[in-house]
Amino acid sequence: MEDAERDDGPPDSGLPAPDKPGAFVMGRRNCLELVDPFSDALVLGDANLTFSLVLAEHRKSLCHVGRTVATTFEKLETLKERYPEIEDTIKKLEEMEAEVLHNVDCTRLAVDPRFKGMEGKFGAVYYNFPHAGVIQGFFDPTGTPTCGGGTPT
(Lines give C-alpha, C1' and ligand atoms only; values in the text may rest on other atoms or scores of the structure.)
Protein backbone atom coordinates (compact mmCIF):
# COMPACT_ATOMS: atom_id res chain seq x y z
CA MET A 1 0.00 0.00 0.00
CA GLU A 2 2.92 2.35 0.65
CA ASP A 3 3.86 2.15 -3.04
CA ALA A 4 0.45 3.55 -3.99
CA GLU A 5 1.16 6.66 -1.92
CA ARG A 6 4.66 7.11 -3.34
CA ASP A 7 5.21 10.45 -5.07
CA ASP A 8 6.81 10.03 -8.50
CA GLY A 9 7.16 13.80 -8.87
CA PRO A 10 9.97 15.58 -10.66
CA PRO A 11 13.46 14.08 -10.74
CA ASP A 12 15.92 14.69 -7.93
CA SER A 13 16.17 18.46 -7.57
CA GLY A 14 19.63 18.01 -6.04
CA LEU A 15 21.11 17.27 -9.47
CA PRO A 16 23.58 19.83 -10.77
CA ALA A 17 21.35 20.86 -13.70
CA PRO A 18 17.79 19.62 -13.09
CA ASP A 19 16.33 21.56 -16.02
CA LYS A 20 18.75 20.01 -18.57
CA PRO A 21 18.33 16.74 -20.52
CA GLY A 22 19.56 13.53 -18.90
CA ALA A 23 22.70 13.20 -21.03
CA PHE A 24 23.81 16.69 -20.03
CA VAL A 25 23.23 16.00 -16.34
CA MET A 26 25.02 12.65 -16.39
CA GLY A 27 27.93 14.09 -18.36
CA ARG A 28 28.11 16.97 -15.89
CA ARG A 29 28.10 14.61 -12.93
CA ASN A 30 31.03 12.62 -14.35
CA CYS A 31 33.21 15.49 -15.57
CA LEU A 32 36.27 16.97 -13.94
CA GLU A 33 35.47 20.38 -12.51
CA LEU A 34 37.99 22.83 -13.97
CA VAL A 35 36.69 25.90 -12.16
CA ASP A 36 35.99 25.78 -8.46
CA PRO A 37 32.20 26.19 -8.13
CA PHE A 38 32.68 28.05 -4.84
CA SER A 39 35.18 30.65 -6.07
CA ASP A 40 34.41 33.83 -7.98
CA ALA A 41 35.03 34.32 -11.70
CA LEU A 42 36.53 37.57 -13.01
CA VAL A 43 35.84 38.78 -16.56
CA LEU A 44 38.10 41.58 -17.78
CA GLY A 45 37.37 43.90 -20.69
CA ASP A 46 33.90 42.65 -21.63
CA ALA A 47 32.76 45.67 -23.62
CA ASN A 48 29.04 44.89 -24.02
CA LEU A 49 28.98 42.40 -21.11
CA THR A 50 27.36 39.61 -23.15
CA PHE A 51 30.20 37.17 -22.44
CA SER A 52 29.81 37.85 -18.71
CA LEU A 53 26.06 37.29 -18.96
CA VAL A 54 26.47 33.93 -20.71
CA LEU A 55 29.13 32.92 -18.19
CA ALA A 56 26.92 33.88 -15.23
CA GLU A 57 23.99 31.93 -16.72
CA HIS A 58 26.24 28.92 -17.35
CA ARG A 59 27.66 28.95 -13.84
CA LYS A 60 24.15 29.24 -12.39
CA SER A 61 22.96 26.26 -14.47
CA LEU A 62 25.82 24.21 -13.01
CA CYS A 63 24.91 25.30 -9.46
CA HIS A 64 28.11 27.30 -8.98
CA VAL A 65 27.74 29.52 -5.95
CA GLY A 66 30.72 31.78 -6.63
CA ARG A 67 29.79 35.12 -8.11
CA THR A 68 30.75 36.58 -11.46
CA VAL A 69 32.61 39.90 -11.44
CA ALA A 70 32.22 41.52 -14.86
CA THR A 71 34.37 44.48 -15.86
CA THR A 72 34.61 46.90 -18.75
CA PHE A 73 37.53 49.11 -19.66
CA GLU A 74 35.27 51.98 -20.71
CA LYS A 75 33.06 54.19 -18.56
CA LEU A 76 29.33 53.45 -18.49
CA GLU A 77 28.48 56.63 -20.43
CA THR A 78 30.68 55.49 -23.34
CA LEU A 79 29.13 52.02 -23.29
CA LYS A 80 25.60 53.47 -23.42
CA GLU A 81 26.56 55.32 -26.63
CA ARG A 82 28.01 52.17 -28.23
CA TYR A 83 25.64 49.48 -26.98
CA PRO A 84 21.96 50.42 -26.64
CA GLU A 85 21.24 47.14 -24.81
CA ILE A 86 23.90 47.63 -22.13
CA GLU A 87 21.51 48.70 -19.36
CA ASP A 88 19.35 45.59 -19.88
CA THR A 89 22.45 43.40 -19.82
CA ILE A 90 23.66 45.01 -16.59
CA LYS A 91 20.23 44.52 -15.02
CA LYS A 92 20.24 40.81 -15.93
CA LEU A 93 23.73 40.38 -14.50
CA GLU A 94 22.78 42.10 -11.26
CA GLU A 95 19.64 39.94 -10.98
CA MET A 96 22.02 36.94 -10.97
CA GLU A 97 24.04 38.61 -8.19
CA ALA A 98 26.94 39.39 -10.50
CA GLU A 99 29.00 42.49 -9.78
CA VAL A 100 29.54 44.88 -12.70
CA LEU A 101 32.45 47.34 -12.61
CA HIS A 102 33.30 49.94 -15.27
CA ASN A 103 36.46 51.88 -16.08
CA VAL A 104 38.69 48.99 -14.96
CA ASP A 105 42.30 48.80 -16.14
CA CYS A 106 43.28 45.17 -15.59
CA THR A 107 46.96 46.09 -15.36
CA ARG A 108 46.19 48.12 -12.22
CA LEU A 109 43.96 45.76 -10.21
CA ALA A 110 46.46 45.63 -7.36
CA VAL A 111 46.02 49.37 -6.74
CA ASP A 112 42.33 49.67 -7.68
CA PRO A 113 40.43 50.11 -4.38
CA ARG A 114 37.42 48.26 -5.80
CA PHE A 115 39.50 45.05 -5.80
CA LYS A 116 40.85 45.42 -2.26
CA GLY A 117 40.21 42.22 -0.32
CA MET A 118 39.58 40.14 -3.45
CA GLU A 119 43.06 38.64 -3.50
CA GLY A 120 42.86 34.88 -4.00
CA LYS A 121 39.06 34.90 -4.52
CA PHE A 122 39.03 34.25 -8.28
CA GLY A 123 39.04 30.64 -9.43
CA ALA A 124 39.08 31.77 -13.06
CA VAL A 125 40.04 34.98 -14.85
CA TYR A 126 38.73 35.54 -18.39
CA TYR A 127 40.21 38.05 -20.85
CA ASN A 128 38.25 39.23 -23.87
CA PHE A 129 40.68 39.64 -26.76
CA PRO A 130 43.51 41.11 -24.71
CA HIS A 131 46.43 43.01 -26.16
CA ALA A 132 49.75 41.25 -25.47
CA GLY A 133 50.95 44.24 -23.43
CA VAL A 134 47.88 44.00 -21.22
CA ILE A 135 48.55 40.34 -20.44
CA GLN A 136 52.18 41.11 -19.62
CA GLY A 137 51.13 43.89 -17.22
CA PHE A 138 48.66 41.64 -15.44
CA PHE A 139 51.31 39.16 -14.24
CA ASP A 140 54.19 39.84 -11.88
CA PRO A 141 57.75 38.81 -12.83
CA THR A 142 57.18 35.27 -11.50
CA GLY A 143 54.14 34.77 -13.74
CA THR A 144 51.63 35.05 -10.88
CA PRO A 145 48.48 37.07 -11.64
CA THR A 146 48.56 40.39 -9.80
CA CYS A 147 44.95 39.89 -8.67
CA GLY A 148 46.16 37.24 -6.25
CA GLY A 149 45.27 33.92 -7.83
CA GLY A 150 43.06 32.22 -10.32
CA THR A 151 43.53 30.51 -13.59
CA PRO A 152 43.77 32.82 -16.60
CA THR A 153 41.53 31.52 -19.40
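Interatomic distance, OG of Ser39 versus CZ of Arg67, reported as 11.0 Å (0.5 Å rounding). Taken from CD in Glu57 to CG in Leu62, the straight-line distance is 12.0 Å, to the nearest 0.5 Å. Taking CG of Leu53 as the reference point, atom CD1 of Ile90 lies at 11.0 Å (rounded to 0.5 Å). Within the model, atoms CD1 of Ile86 and CD of Glu81 stand 12.5 Å from one another, a figure rounded to the nearest 0.5 Å. Expressed to the nearest 0.5 Å, how far CZ of Phe51 lies from CG of Asp46 amounts to 7.5 Å. Atom NE2 of His102 and atom CG of Leu76 lie 4.5 Å apart (nearest 0.5 Å).
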**Prompt:** Should Ser52 and Leu93 be marked as a side chain to side chain contact (heavy atoms under 4.5 Å, CB included) after you check the CA-CA gap, both sets of side-chain angles, and the distance that decides it?
**Reply:** CA-CA 8 Å; Ser52 297; Leu93 280 162; 4.2 Å; yes
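The environment of CD in Glu87 is sparse: at most 12 heavy-atom neighbours from other residues, nucleotides or ligands sit within 6.0 Å. Residue Phe73 qualifies as open at atom CZ: its count of foreign heavy atoms under 6.0 Å is 12 or below.
Residues Arg59 and Asp40 come closest through the heavy atom pair NH1-C, 4.1 Å. Across all non-hydrogen atoms, the minimal contact from Phe122 to Met118 is CZ-SD, 3.6 Å. For Ala56 against Met96, the heavy-atom pair with the smallest separation is CB-CE, 3.8 Å. Summarising the geometry of Asn48 relative to Thr50, their closest heavy-atom pair is OD1-OG1, 2.8 Å, with the distance given to 0.1 Å. Heavy-atom minimum distance, Ala41 versus Leu55: CB-CD2, 4.2 Å.
For the side-chain contact (heavy atoms from CB on, under 4.5 Å) test with Val104, the passing option among Thr72, Leu42, Leu109 is Leu109; the others fail.
There is no path of hydrophobic side-chain contacts, each under 4.5 Å, that joins Val69 to Val100.
Side-chain atoms of Phe115 and Leu101, non-hydrogen and from C-beta on, do get closer than 4.5 Å to each other.
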